[in-house]
Amino acid sequence: MASIWIINGLTMDADSGELAKKHVRIENGVIAEWLDGSSLPNAAGADTIDASGKLISAGFIDMHVHLREPGFEYKETIASGTESAAKGGFTTIAPMPNTRPVMDTPETIQFVLDKAKTEGVVRVLPYAAITKNELGRELTDFPALKEAGAIGFTDDGVGVQNAQMMKNAMALAKSLDMPIIAHCEDDSLVEGAAVSEGAFARKHGLKGIPNESEAIHVGRDILLSEATGVHYHVCHVSTEQSVRLLRLGKSVGVNVTSEVCPHHLLLSDEDIPDSMDANWKMNPPLRTPKDVEACIQGLEDGTIDIIVTDHAPHSEEEKARGMARAPFGIVGFETAFPLLYTKFVKTGRWTLEFLLAKMTRIPAEVFKLPYGTMKTGAPADLILIDLENERAVDPANFLTKGRNTPFTGWKLYGWPVLTMVNGKVVWTEEQGIER
Ligand SMILES: NC(=O)N[C@@H](CC(=O)O)C(=O)O
Ligand SMILES: [Zn+2]
Ligand SMILES: [Zn+2]
């Protein structure tokens with residue numbers, strides 16, 4: 001592989017918080033050298049990418065995504081999902097096992113890894129199911145799934161209802177030094193509801209999903225994590241109660257981490273249009289403004305560790321079934337960074353460094369991955385971002401098959417323009433996907 005220079009990119013200096021011009025050399029897929037931007041390097045014989053005026057960052061890591069393959073290829077494939085990720089600036093993604101068949105055997109894990117290698121454009125690190133078919137009745141073969149390449153265990157899409165089952169899963173995962181990742185939802189409290197308990201549900205006479213349905217599992221599992229010592233990671237935190245329990249768990253030294261999605265930081269149930277558009281339906285549902293603020297503060301004080309998208313594509317036909325009958329979920333890759341950059345960094349609430357850390361360095365630390373860094377010697381997962389130009393969200397331009405987003409028309413800054421994985425450019429704004 002020839003060497004590559006990316007010249008004139010802007011990097012964030014962690015000490016000063018200032019953007020500084022830098023040049024970076026990539027050799028054999030690895031970050032080889034950084035040079036101060038004052039003079040141009042001798043790049044004779046190397047490919048050169050001019051990043052003038054663009055932010056250069058480590059590629060984003062998304063530890064919670066749905067690629068839908070095998071089984072739901074009409075919603076998304078490993079090819080289309082990884083293309084969408086690349087366009088959003090994500091270079092490493094971790095797909096959930098709620099496929100058909102469920103990723104609960106070494107063969108399905110191998111299938112996903114093989115497909116990702118041949119048809120994917122970003123790094124794919126699959127999770128395996130905790131229970132067979134995600135039915136909550138029988139544990140999967142954890143050692144064999146680890147051996148096949150699964151990076152953790154989760155029944156995302158549903159909660160593990162039985163506490164003893166969860167405790168057994170945690171003890172086994174601990175013995176294998178693997179994490180348990182949990183979709184926290186007590187089924188007995190949510191039956192038949194599509195939106196959160198709150199102003200919107202009251203106004204429309206709908207049954208609501210109560211906050212406790214999530215937080216009860218968070219509390220239960222923090223105690224089980226304490227008892228077993230496993231690394232326990234909470235999916236898509238959405239309630240003030242969950243944040244409170246996580247804060248308590250961390251304060252007494254429990255090995256618990258958690259994630260939050262852009263939509264739970266930006267939207268409340270009061271924003272749902274009266275048209276009952278199902279592009280506002282996701283699990284967990286949009287909560288009250290008080291919950292939104294609690295999630296933001298939890299992220300800010302480190303109670304919530306990382307940002308994930310929970311990219312959950314569904315077909316237009318499915319979403320057209322209306323609020324009550326449409327499946328839960330919205331797409332996320334191609335809007336995540338622009339949303340958060342525009343609404344939290346440009347407004348001055350967060351520093352750019354804080355946002356980048358929550359999408360690169362910290363997810364790598366939480367899941368012990370050698371990515372999310374721009375240090376020399378690291379895999380060259382690098383992205384360029386245009387911080388200057390405003391553009392409206394237009395689902396017609398998405399690379400995901402999903403069009404299910406509540407953010408259509410939002411005018412945002414911070415659009416990625418180039419994505420490189422292991423030193424290979426896989427997507428540019430100008431050329432599109434490069435395989
Ligand atoms: N988040 C969602 O609303 N939906 C996810 C499942 C999940 O993440 O629980 C899906 O698979 O569609
Ligand atoms: Zn979930
Ligand atoms: Zn999910």
Side-chain angles (χ1 to χ4, degrees), residues 62-78 81 84-85 90 93-103 112 125-131 133-134 136 152-161 166 180-187 190 193-196 209 213-215 217-218 221 232-239 242 258-265 267 269 272 277-287 306-319 321 323-333 335-336 400-406:
D62 192 343
M63 296 309 298
H64 187 148
V65 318
H66 297 269
L67 296 180
R68 306 304 191 200
E69 195 175 0
F72 300 101
E73 290 82 358
Y74 67 94
K75 297 179 199 261
E76 193 80 291
T77 60
I78 289 170
S84 175
F90 293 90
I93 61 177
M96 289 297 176
N98 62 339
T99 49
R100 191 174 59 202
V102 166
M103 289 147 65
V112 169
L125 306 175
Y127 293 113
I130 294 172
T131 66
N133 230 348
E134 294 199 354
F153 300 101
T154 176
D155 275 1
D156 185 50
V158 289
V160 174
Q161 300 304 308
M166 188 55 132
I180 292 284
I181 293 87
H183 170 113
C184 288
E185 182 174 16
D186 185 307
D187 288 349
V190 304
V195 297
S196 187
I209 301 173
S213 64
E214 172 179 295
H217 271 211
V218 174
D221 291 354
Y232 169 65
H233 179 83
V234 179
C235 289
H236 41 48
V237 172
S238 71
T239 72
S242 299
S258 63
E259 61 184 39
V260 66
C261 307
H263 45 277
H264 291 124
L265 299 169
L267 302 174
D269 68 329
I272 304 173
D277 180 348
N279 288 328
W280 296 72
K281 177 177 180 179
M282 71 291 282
N283 194 2
L286 298 174
R287 307 284 188 178
I306 63 172
I307 295 165
V308 301
T309 65
D310 194 6
H311 177 81
H314 294 290
S315 71
E316 290 187 82
E317 185 273 318
E318 288 168 314
K319 278 301 195 182
R321 290 174 195 164
M323 199 58 122
R325 293 181 52 238
F328 291 90
I330 61 171
V331 294
F333 288 139
T335 52
T400 171
K401 291 190 184 184
R403 296 290 175 266
N404 46 319
T405 176

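As the structure lists them, so they are numbered: ligands from 1, and atoms in each ligand from 1. No hydrogens, no waters, no symmetry mates; every other heavy atom, side chains included, goes into these values.
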Applying a heavy-atom cut-off of 4.0 Å, say which part of Lys281 lies close to ligand 1: side chain, backbone, both or neither. neither
Could you check whether atom CZ of Arg321 has more than 12 heavy atoms from other residues, nucleotides or ligands sitting under 6.0 Å from it? yes
Given side chains that start at C-beta, do those of Phe333 and Thr400 come closer than 4.5 Å, heavy atoms only? no
Give a yes or no answer on whether the side chain of Asn404 reaches the backbone of Phe328 with a donor-acceptor pair at less than 3.5 Å. no
Decide, counting backbone as well as side-chain atoms, whether Cys235 has an N, O or S atom less than 2.8 Å from the Zn ion (ligand 3). no
Applying the side-chain contact (heavy atoms from CB on, under 4.5 Å) test to Lys75, which of Lys401, Arg68, Glu69 qualifies? Arg68
Can you name the atoms of ligand 1, numbered from 1 with element, that are less than 4.0 Å from a heavy atom of His314? 12 (O)
Looking only at N, O or S atoms, which one in Asp156 sits nearest to the Zn ion (ligand 2)? OD1
Output yes when a side-chain donor or acceptor of Glu214 lies under 3.5 Å from a complementary backbone atom of Thr239, and no otherwise. yes
Can you tell me if, anywhere in His64, an N/O/S atom lies at a distance from the Zn ion (ligand 3) that is smaller than 2.8 Å? yes
I need the minimum non-hydrogen distance between Gly152 and Ile181, along with the two atoms involved. CA-CD1, 4.1 Å
Look only at the side chain of Lys319 and the backbone of Gly329, and say whether a donor-acceptor pair between them is shorter than 3.5 Å. yes
Contact region, His236 to ligand 1, non-hydrogen atoms below 4.0 Å, reads side chain
N/O/S atom name from His183 that is nearest to the position of the Zn ion (ligand 2): ND1
Shortest protein heavy-atom distance from atom 1 (N) of ligand 1, along with the residue and atom involved: Asp310 OD2, 2.7 Å
What heavy-atom pair brings Val234 and Cys184 nearest, and what distance separates the two atoms? CG1-SG, 4.0 Å
heavy-atom search around atom 8 (O) of ligand 1 in the protein gives Asp156 OD2, 2.9 Å
Among all protein non-hydrogen atoms, which one is nearest to atom 5 (C) of ligand 1, and what is the separation to 0.1 Å? His66 NE2, 3.6 Å
Give yes if a backbone or side-chain nitrogen or oxygen of Gly329 is under 3.5 Å from a nitrogen or oxygen of ligand 1, and no if not. yes
Least distance between heavy atoms, Met96 atom then Thr99 atom: O-CG2, 4.2 Å
Counting only heavy atoms, which portion of Asn283 has something under 4.0 Å from ligand 1: side chain, backbone, both, or neither? both
Minimum-distance pair of heavy atoms, taken over all atoms of His64 and Asp156: NE2-OD2, 2.8 Å
Ligand 1 atoms in contact with His64 (distance to a heavy atom under 4.0 Å): 8 (O)
Considering His183, Met96, Arg68, which one's heavy-atom position lies nearest to atom 10 (C) of ligand 1? Arg68
When you compare ligand 1 with Phe328, is there at least one nitrogen or oxygen pair between them that comes in under 3.5 angstrom? yes
Which bit of Val158 is near ligand 1, meaning a heavy atom under 4.0 Å away: side chain, backbone, both or neither? neither
